[in-house]
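Below, chain A is the first sequence line, B the second, and so on; all start at residue 1. All values below come from the heavy atoms of this structure, side chains included, with hydrogens, waters and symmetry mates left out.
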Amino acid sequence: MAMFQTLPGFRDFYPEDLAKRNHIFRIWRQTAAAFGFVEYDTPVLEPLDLYRAKSGDEIEAQLFSFTDKGKREVALRPEMTPSVCRLVGERAGSLKRPIKWFSIAEFYRYERMQKGRGRCFFQFNADIFGEAGPEAEIELIALQIQCMRAFGLTPDDFCIRLSDRNLWFHFLGSLGLDEEKIRALLGAVDKFERNGDAAFKGYEERFGPLDPATKARVLSFLAIRSFDEIESALGAGASPAITARLADWRKLLGGLSAMGLSAFVQVDLGVVRGLAYYTGFVFEAFDRKGELRALAGGGRYDDLVGKLGGSDLPAVGFAIGDMTFALLLDERGLTPVVSQAPDVYCVIGGEAERKSAFADILALRAIGYRVDYPMKEVAFGKQFKAAVESGAKVALIYGSEELARGVVKLRDLGDRSEQEFPAAAVAESVLAFFSGP
RNA sequence: GCGGUCAUAGCUCAGUUGGUUAGAGCACUAGAUUGUGAAUCUAGGGGUCGCGGGUUCGAGUCCCGUUGGCCGCCCCA
């Protein structure tokens with residue numbers, strides 16, 4: 001029993017765990033780069049006010065926050081958005097647009113542990129700044145899909161539910177509700193899927209009973225699952241603002257369709273995301289079976305950079321969390337098996353032979369091969385067993401007989417065939433062996 | 001923050017109505033085996049039975065507390 005445990009909700013990564021994590025990150029990085037996104041990073045520790053400014057005081061309960069030795073109130077970052085808003089806000093005037101940035105970083109939230117949720121977790125974040133039109137959403141939704149597809153996940157495994165807080169604002173505004181009521185009602189819509197009718201309780205406690213006709217219209221609006229339904233609900237006699245918004249929808253859906261991604265996208269106005277700062281399209285990825293919490297989520301937040309970074313910049317972004325994503329890969333049997341085996345394992349006769357081997361070992365490693373050998377003098381039989389168990393492709397045999405003849409023997413641990421190389425040209429010979437047919 | 005449930009070796013678990021020095025398999029180390037492969041045999045290391053207190057002649061076992069895991073609620077940027 002270890003003397004110390006990790007803090008609740010924190011994780012150790014043993015080599016095999018870290019290999020899996022790194023493999024996931026590697027694919028996310030490659031994918032983001034393929035989409036033309038560049039990587040950035042920010043401090044883990046930030047001024048507490050950065051998060052207060054965005055989300056208000058009540059958020060403090062879920063922050064790892066404390067006062068540092070300089071009497072500054074600080075917090076471990078619970079998300080990337082405020083930090084990245086600061087970065088782009090500071091240089092908004094000099095950055096080429098569109099600004100396409102991504103990061104892979106660890107975050108901390110003081111919450112109760114649950115399946116797919118801990119107190120520390122990693123997120124892949126991607127954002128586009130400086131593009132106000134739905135072209136940015138096309139790019140980001142496509143990236144989000146590819147970040148999951150790249151692991152072999154299909155439309156049978158997950159889908160992106162697409163909604164629009166802007167449309168909800170127009171719709172509820174047309175019912176005569178003011179902004180405060182609209183925001184409260186969107187909170188109810190967000191909870192409706194989970195809590196049913198009880199979701200409206202908070203609204204009604206604050207503003208009184210919701211007019212039944214209005215409620216009926218809200219319920220039928222949040223049940224919308226296709227663009228056709230949106231059009232028939234709003235299209236006839238719509239205001240210019242709604243007409244323009246419907247054009248944005250057509251552009252977004254058309255773009256995703258042209259990319260061949262329609263099967264991954266589900267229009268679903270029941271998703272509005274709880275966050276008040278989202279201003280337009282919002283999208284959330286779920287597993288198809290509905291067994292896990294959300295895999296990824298994002299949306300447009302056109303007012304936040306101005307609020308946190310000082311310069312007005314339209315923005316869209318999303319994040320994928322590592323925990324739920326890893327659970328989904330496990331469930332589908334898609335967790336990558338990452339080999340950390342050496343390419344070459346050296347079998348060494350004795351101390352004299354060891355000296356001959358060392359020069360070659362270092363030369364091979366310098367070329368980039370993974371090379372291992374026994375630390376101590378052990379029997380040949382054991383060394384061959386160790387070579388096989390290491391997973392190496394070949395064994396290089398430095399025996400006294402071979403070296404006396406000026407050769408080193410290579411044994412293919414797969415087909416058990418052997419060949420000899422001149423002892424003076426081992427690195428070149430191994431290189432030729434591996435690049436040969 | 002609330003409720004349910006669980007906790008014995010690195011892993012999976014056994015452990016009698018409370019009774020001697022807490023066990024097995026797997027894994028690990030070494031030997032049999034000083035030049036060729038996942039086998040076999042033998043030996044070894046590894047446990048304050050999550051932690052603390054109580055009941056008892058005696059607690060892994062019963063009681064209370066606590067910490068941690070899992071599941072659900074709240075929340076979920």
Side-chain angles (χ1 to χ4, degrees), chain A residues 1-12 14-16 46 50-56 58-63 75-85 107-119 121 123 125 127 187 190-191 194-195 198-199 201-202 273-278 282 284 291-299 301 304 308 317-319 321 323-324 345-351 353 375-404 409-418:
Chain A
M1 190 60 59
M3 204 174 300
F4 296 105
Q5 308 178 330
T6 59
L7 290 166
F10 285 75
R11 308 177 272 177
D12 286 323
Y14 283 86
E16 60 274 23
E46 292 275 17
L50 181 63
Y51 305 111
R52 283 202 187 114
K54 178 185 159 219
S55 311
E58 72 283 358
I59 214 71
E60 259 184 83
Q62 313 217 327
L63 287 176
L76 290 171
R77 61 185 175 198
E79 58 166 326
M80 192 50 103
T81 305
S83 302
V84 73
C85 284
F107 300 94
Y108 306 87
R109 297 179 188 173
Y110 200 89
E111 293 188 283
R112 190 75 181 149
M113 278 201 62
Q114 252 172 71
K115 188 179 186 184
R117 188 172 77 180
R119 288 180 172 183
F121 54 92
Q123 279 186 348
N125 273 262
D127 296 270
D190 183 46
K191 291 189 168 72
R194 231 176 16 248
N195 300 352
K201 208 174 133 199
R273 313 247 320 139
L275 301 172
Y277 66 74
Y278 283 119
V282 291
E284 220 164 347
E291 291 167 350
L292 304 171
R293 57 181 60 243
L295 291 159
Y301 50 100
L304 208 53
L308 297 172
F318 74 85
M323 294 182 79
T324 302
Y345 193 95
C346 294
V347 172
I348 301 170
E351 280 310 308
E353 291 76 23
M375 291 281 202
K376 290 182 183 148
E377 197 171 337
V378 292
F380 264 59
K382 289 236 175 208
Q383 292 194 54
F384 279 102
K385 195 173 166 187
V388 171
E389 285 176 352
S390 78
K393 298 175 189 70
V394 302
L396 269 184
I397 303 160
Y398 289 82
S400 54
E401 290 169 17
E402 288 83 357
L403 289 173
K409 198 184 278 178
L410 177 144
R411 181 176 174 89
D412 187 316
L413 294 170
D415 63 19
R416 305 189 177 207
S417 64
E418 293 187 345

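One P atom belongs to B:G46, the other to B:A24, and the distance between them is 14 Å to the nearest Å. When the P atom is used for both B:A38 and B:C28, the distance is 14 Å, rounded to whole Å. Taking atom C1' on both B:A9 and B:U34, the two are 35 Å apart, rounded to the nearest angstrom. The separation of B:G50 from B:C41, taken at their C1' atoms, amounts to 37 Å, rounded to a whole angstrom. For the C1' atom pair drawn from B:C2 and B:G47, the interatomic distance equals 35 Å after rounding to whole Å. Atom name C1', nucleotides B:U66 and B:G10: the rounded distance is 26 Å, in whole Å. Separation of the C1' atoms belonging to B:C64 and B:U55 is 11 Å when rounded to the nearest angstrom. Between the P atoms of B:U20 and B:G60, the separation comes to 10 Å (whole Å).
Regarding A:Arg293, its CZ atom lies at a distance of 14 Å from the C1' atom of B:C70, rounded to whole Å. Atom CZ in A:Arg119 sits roughly 13 Å away from atom C1' in B:G69 (whole-Å rounding). The nearest whole Å value for the distance from the CZ atom in A:Arg109 to the P atom in B:C75 is 15 Å. If you measure from atom CD of A:Glu377 to atom P of B:A30, you get 14 Å, rounded to the nearest angstrom. Atom CG in A:Leu292 sits roughly 14 Å away from atom C1' in B:C71 (whole-Å rounding). The nearest whole Å value for the distance from the CG atom in A:Asp190 to the C1' atom in B:C75 is 11 Å. Remark: P of B:C76 and OH of A:Tyr278 are 13 Å apart, rounded to the nearest angstrom. Separating the CZ atom of A:Phe121 from the P atom of B:C76 is a distance of 13 Å, rounded to the nearest angstrom.
The partner of B:U40 is B:A32, by the rule that a Watson-Crick or G-U pair needs both atom distances under 3.5 Å. Judged by Watson-Crick or G-U wobble contacts below 3.5 Å, the nucleotide B:G46 has no partner. Nucleotide B:A59: unpaired (no Watson-Crick or G-U wobble partner with both distances less than 3.5 Å). The pairing partner recorded for B:G18 is none, the criterion being a Watson-Crick or G-U wobble arrangement whose two distances lie under 3.5 angstrom. With a 3.5 Å ceiling on both atom-pair distances, the Watson-Crick or G-U wobble partner of B:C73 is B:G1. Pair check for B:C13 finds B:G23; Watson-Crick or G-U wobble, both atom distances under 3.5 Å. With a 3.5 Å ceiling on both atom-pair distances, the Watson-Crick or G-U wobble partner of B:A7 is B:U67.
Nearest nucleotide to the A:Arg194 side chain, out of B:A77, B:C76, B:G69: B:C76. Distance from the side chain of A:Pro8 is smallest for B:G69 among the nucleotides B:G72, B:C76, B:G69. Which of B:G72, B:G35, B:A77 sits closest to the side chain of A:Ser400 comes down to B:G35.
Without hydrogens or angle criteria, A:Arg293 side chain to A:Lys115 main chain gives a donor-acceptor distance under 3.5 Å. Between the side chain of A:Gln383 and the main chain of A:Val378, a donor-acceptor pair closer than 3.5 Å is present. Remark: the backbone N or O of A:Gln62 is not paired with any side-chain donor or acceptor of A:Arg109 at under 3.5 angstrom.
Salt bridge annotation for A:Glu418-A:Lys409: present, with a cationic side-chain nitrogen under 4.0 angstrom from a carboxylate oxygen.
Contact annotation for A:Gln383: no contact, since no heavy-atom pair falls under 4.0 Å across all strands. Within the 4.0 angstrom heavy-atom criterion, only backbone atoms of the sugar-phosphate kind lie near A:Met113; the bases stay farther away.
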Subject >> A:Thr81 and A:Leu304: CA distance, side-chain angles, deciding distance, side-chain contact (heavy atoms from CB on, under 4.5 Å) verdict >> reply: CA-CA 9 Å; A:Thr81 305; A:Leu304 208 53; 3.7 Å; yes
So which protein N/O to nucleotides 36-39 of chain B N/O distances come out below 3.5 Å?
| unit_1 | atom_1 | unit_2 | atom_2 | d |
| --- | --- | --- | --- | --- |
| B:U36 | O2 | A:Arg411 | NE | 3.2 |
| B:U36 | O2 | A:Arg411 | NH1 | 3.1 |
| B:U36 | O2 | A:Glu418 | OE2 | 3.4 |
| B:U36 | N3 | A:Glu418 | OE2 | 2.9 |
| B:U36 | O4 | A:Lys409 | NZ | 2.9 |
| B:G37 | O2' | A:Arg416 | NH2 | 3.4 |
| B:G37 | N7 | A:Arg411 | NE | 3.3 |
| B:G37 | N7 | A:Arg411 | NH2 | 2.9 |
| B:G37 | O6 | A:Arg411 | NE | 2.5 |
| B:G37 | O6 | A:Arg411 | NH2 | 2.9 |
| B:G37 | N1 | A:Leu413 | O | 2.7 |
| B:G37 | N2 | A:Leu413 | O | 2.6 |

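Within 6.0 Å of the CZ atom in A:Phe121, the count of heavy atoms belonging to other residues, nucleotides or ligands exceeds 12.
When the nearest nucleotides of RNA chain B are assigned to A:Tyr398 and A:Leu7 by heavy-atom distance, the more 5′-ward of the two goes with A:Tyr398. Between A:Lys191 and A:Lys115, the residue anchored nearer the 5' end of RNA chain B, judged by the nucleotide with its closest heavy atom, is A:Lys115.
Residue A:Arg112 comes nearest to A:Arg117 through the heavy atom pair O-NH2, 3.2 Å, listed as atom of the first residue, atom of the second, then distance. Taking both residues in full, the closest heavy atoms of A:Leu76 and A:Leu63 are given as O-CD2, 4.4 Å, listed atom of the first, atom of the second, then distance. Minimum heavy-atom separation, A:Met113 to A:Gly9: SD-CA, 3.1 Å.
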